[in-house]
Structures are given as structure tokens and as C-alpha cells.
Amino acid sequence: TLVDPFDPERFTDMVQTAVRANTVMEDVAMEVNRELVNSAGSSIKVRQIGATTVNEKSEGSATAETDFTHEATAIDTDPSAAQGFVLQSNIPFTDEAREDSNLPEMDRAAEEAGEDHAEFRDQTHYDLVEGATGVQTATVSSDGEISYTDVKDLAQSMRQNDYNVDSLVISHDHLADLLDEDKFIEADKADTDAGLRDGLVGRFAGVEVYATSQANASSTTAGETQAVLMDSSRAYAVAVKREPTAEEDRDEQAGVTNIVITQRYGNAVVDEDAIGHLNNA
């Protein structure tokens, strides 16, 4: 079947599907808020978990009042903001290419474009949590490697501070090491669904393990982060202003149809203490 006439809506749907299927870091975000899509404004506030206090009292006396306090973190999707992003790619299709191509080729182009956008989006999220400075840190036993003890000890230290650590984000380099670990439970043996290319790969030291090609690869560089631990209910959030969309930009004289794919979003750390780094010495 010839591609002509090209259907940008179908292409957009396929790009969006590919983005969502291959975006790993949003699986560990506390919230992916889409309220800004088709709404006015570029920023939105995400509430932190509130804090209460408990007071000891004497029998029969009045109970002291305690405030339910919480803070809010603003996420700004404006590209001029520190963590606001507009991603764009431009795919030119000449008339000859469209006439000589078939739908499966267009499908592959849409899937690849979606994967590229997902990787870029993943990178911005990973850079956010890996670059956070007020996080809990620990040193790996051996530079460039992560062990069961390393992960367990940092996770338990964070849990001692009342954080429900449930996620470990690593590179595929480190995943290759874990696959040789007796204590690592692979996803297909743990009644969980792995992503199409990256994503949830198993369990280790009581946390879900996510592998992404955007995470820091194995390195012996002093101080470099080798793994990120998170309480995914409190660590960071994402706000979406524009889902990945594809539009036609036709140049009749050149005989070229440019398919312009754009997306716009922002992210922000909500609670740095909900993030932990395993670093080289």
C-alpha cells in the first residue's frame, strides 16, 4: 500500500505510543501530570507529603492541636525555565520517497522517532535526579560496580529516615553484572512486565530494578554515580504541556513534506531526601 496520502494523525499516534513504551524514568516519577495539556499556563504545583506530629497527653486533658503542614514544588514547562524542555525533530519526506515507500517503512520511522524522543526525555529526567545535591549518598565497595550489600545498606539507611525506597535505576552495564548475581530476580521470573527495550528488569535487595541506556555507565571515575535509589512516591515529578505531536510542513516547490515532531514538558525534584546515590570513592 502506498503511503500517499500521508496521515499525520496516525504518525503522531505511533510516535506517542513509542515514547510512552520506551520512557523508563517516568515509571519511577511520583507523578506525571498532564493537566497543562490544552490548558492555559506553563507551570503547575506538586504537593509534598504533609507532616503531622504526635503529642503525649494526660488522661482527661485536652489534646494539643497539631498542624498538617506541607510544601509545594512548582514545575515550569517554559523552555526558558531551568527544567523546562521543548524537544523537536524534523523528518523530511520527499515526494519520491513517499511514492516509493510503503506503510511498514513509515511505521518504523514513527517508532524510531518515538524512541529517540523517549531517550532524550529519559536523559533529562535521569540528569535531574542524578544531579540533585541534597541526596543521601554512599560509596560503592568497588569502584564501577554495585553489590547487594551496597544497595541494601543505602536502601535501609533511607528507610530508617522513613522513606519507602522501592526503585533502583542503573545502566545496562551494571545490569550485566547483576544478571550474574544469585540474589537478582529477573522480571520474567517475578510476575512483572518489562518494557519493550528498557524498563523494569527485575528485583534486587528488596527494590524494583530499572535499566536505561541513559543512566551512567560503569566507570571508575572518582565520585561518579553508579546507581540511583528512590522512593518513587516522593522523589520527583513531571509536568506535560504538549504530548509528542507530528505536523506536516509542506514545501511544494521542493517536493518535500517535513514531518515536525515536538513535545514540551518540565520536571522538578520534590524531595531530595527521597533520592540516594551510590558513588565511586
Side-chain angles (χ1 to χ4, degrees), residues 9 12-13 15-52 67-89 113-114 116-135 158 162-167 169 195 198-200 208 210 212 214-215 228-247 260-276:
E9 287 191 13
T12 296
D13 289 343
V15 169
Q16 290 178 344
T17 299
V19 169
R20 290 187 179 179
N22 294 286
T23 304
V24 179
M25 291 300 296
E26 287 179 16
D27 289 343
V28 294
M30 62 175 283
E31 180 179 342
V32 181
N33 189 298
R34 294 184 168 85
E35 290 182 15
L36 291 175
V37 177
N38 297 323
S39 299
S42 64
S43 65
I44 196 166
K45 290 186 176 181
V46 175
R47 298 288 183 183
Q48 292 185 11
I49 294 176
T52 60
D67 292 330
F68 182 72
T69 60
H70 62 265
E71 298 179 0
T73 299
I75 305 179
D76 196 340
T77 64
D78 193 304
S80 64
Q83 288 299 129
F85 303 95
V86 173
L87 308 185
Q88 186 178 84
S89 56
D116 289 343
H117 274 255
E119 287 178 355
F120 201 114
R121 192 154 155 172
D122 251 12
Q123 190 68 65
T124 60
H125 297 332
Y126 181 79
D127 289 346
L128 175 74
V129 297
E130 193 272 332
T133 55
V135 305
M158 294 172 68
D162 295 328
Y163 286 91
N164 181 27
V165 181
D166 56 5
S167 304
V169 181
D198 293 326
L200 180 61
E208 304 283 355
Y210 294 83
T212 172
Q214 311 316 307
V228 174
L229 279 161
M230 276 185 284
D231 175 347
S232 65
S233 68
R234 303 172 74 168
Y236 84 102
V238 179
V240 179
K241 177 62 178 178
R242 184 192 312 152
E243 297 283 10
T245 59
E247 297 178 351
V260 182
I261 304 169
T262 61
Q263 59 173 313
R264 179 179 166 190
Y265 63 94
N267 58 29
V269 170
V270 177
D271 188 347
E272 287 188 334
D273 288 330
I275 302 171

The salt bridge (Lys or Arg N to Asp or Glu O under 4.0 Å) partners of R242 (sequence neighbours excluded) come to none
In this structure, CD1 of I44 is separated from CD of E35 (nearest 0.5 Å) by 4.0 Å
Contacts of A132 meeting side-chain contact (heavy atoms from CB on, under 4.5 Å) (sequence neighbours excluded), chain-then-number -> V135, V269, E272, I275
Looking only at heavy atoms, the pair that brings M230 and V169 closest together is CE-CG2, 3.8 Å
Hey, are R34 and E243 close enough for a salt bridge, meaning a charged N less than 4.0 Å from a carboxylate O?
-> yes
Sequence neighbours excluded, the answer for salt bridge (Lys or Arg N to Asp or Glu O under 4.0 Å) partners of D76 is none
d(T77 OG1, Q83 CD) to nearest 0.5 Å is 12.5 Å
The single option from V19, V15, T245, D116 that satisfies side chain to side chain contact (heavy atoms under 4.5 Å, CB included) with I261 is V15
Residues at least two apart in sequence or cross-chain that pass side-chain hydrogen bond (donor to acceptor under 3.5 Å, both in side chains) with E31, listed by chain then number, are N33
Between K241 and L36, the two heavy atoms sitting closest are NZ-O, 3.4 Å
Quiz prompt | No-hydrogen, no-angle side-chain donor-acceptor test under 3.5 Å, Y265 and T124 | solution = yes
For V270 and R234, what are the C-alpha separation, side-chain angles and deciding distance, and is it a side chain to side chain contact (heavy atoms under 4.5 Å, CB included)?
CA-CA 7 Å; V270 177; R234 303 172 74 168; over 6 Å; no
D122 side chain vs M25 backbone, donor-acceptor pair below 3.5 Å
yes
- Inspect the surroundings of CZ in F120 and state if more than 12 heavy atoms from other residues, nucleotides or ligands are less than 6.0 Å away. no
Sorted by chain and residue number, the side-chain hydrogen bond (donor to acceptor under 3.5 Å, both in side chains) partners of D231 (sequence neighbours excluded) come out as S233
R264 meets the salt bridge (Lys or Arg N to Asp or Glu O under 4.0 Å) criterion, sequence neighbours left out, with none
To the nearest 0.5 Å, atom CD of Q263 lies from atom CG of L87 at 4.5 Å
Those residues at least two apart in sequence (or on a different chain) that pass ring-ring contact (aromatic ring centres under 6.0 Å, His included) with Y210 are none
Residues passing the side-chain hydrogen bond (donor to acceptor under 3.5 Å, both in side chains) test with D78, sequence neighbours excluded, are S80
Rounding to 0.5 Å, atoms OG (S42) and CD1 (I75) come to a distance of 12.0 Å
Tightest non-hydrogen contact, residues G114 and A18, listed as CA-CB, 3.7 Å
Taking every heavy atom of G199 against every heavy atom of V24, the minimum-distance pair comes out as N-CG2, 3.5 Å
In this structure, OG1 of T262 is separated from CD of E247 (nearest 0.5 Å) by 6.0 Å
By ring-ring contact (aromatic ring centres under 6.0 Å, His included), H117 pairs with (sequence neighbours left out) none
Quiz prompt | Ion pair check, E26 and R20, cut-off under 4.0 Å | solution = no
With sequence neighbours left out, the residues meeting side-chain hydrogen bond (donor to acceptor under 3.5 Å, both in side chains) with D166 are S232
Residues at least two apart in sequence or cross-chain that pass side-chain contact (heavy atoms from CB on, under 4.5 Å) with Q123, listed by chain then number, are Y126, D127, Q214
In short, T23 meets A118 closest at the heavy-atom pair OG1-CB, 3.5 Å
Across all chains, not counting sequence neighbours, the ring-ring contact (aromatic ring centres under 6.0 Å, His included) partners of Y163 are none
Heavy-atom nearest pair, M158 first then G276, reads CE-N, 3.6 Å
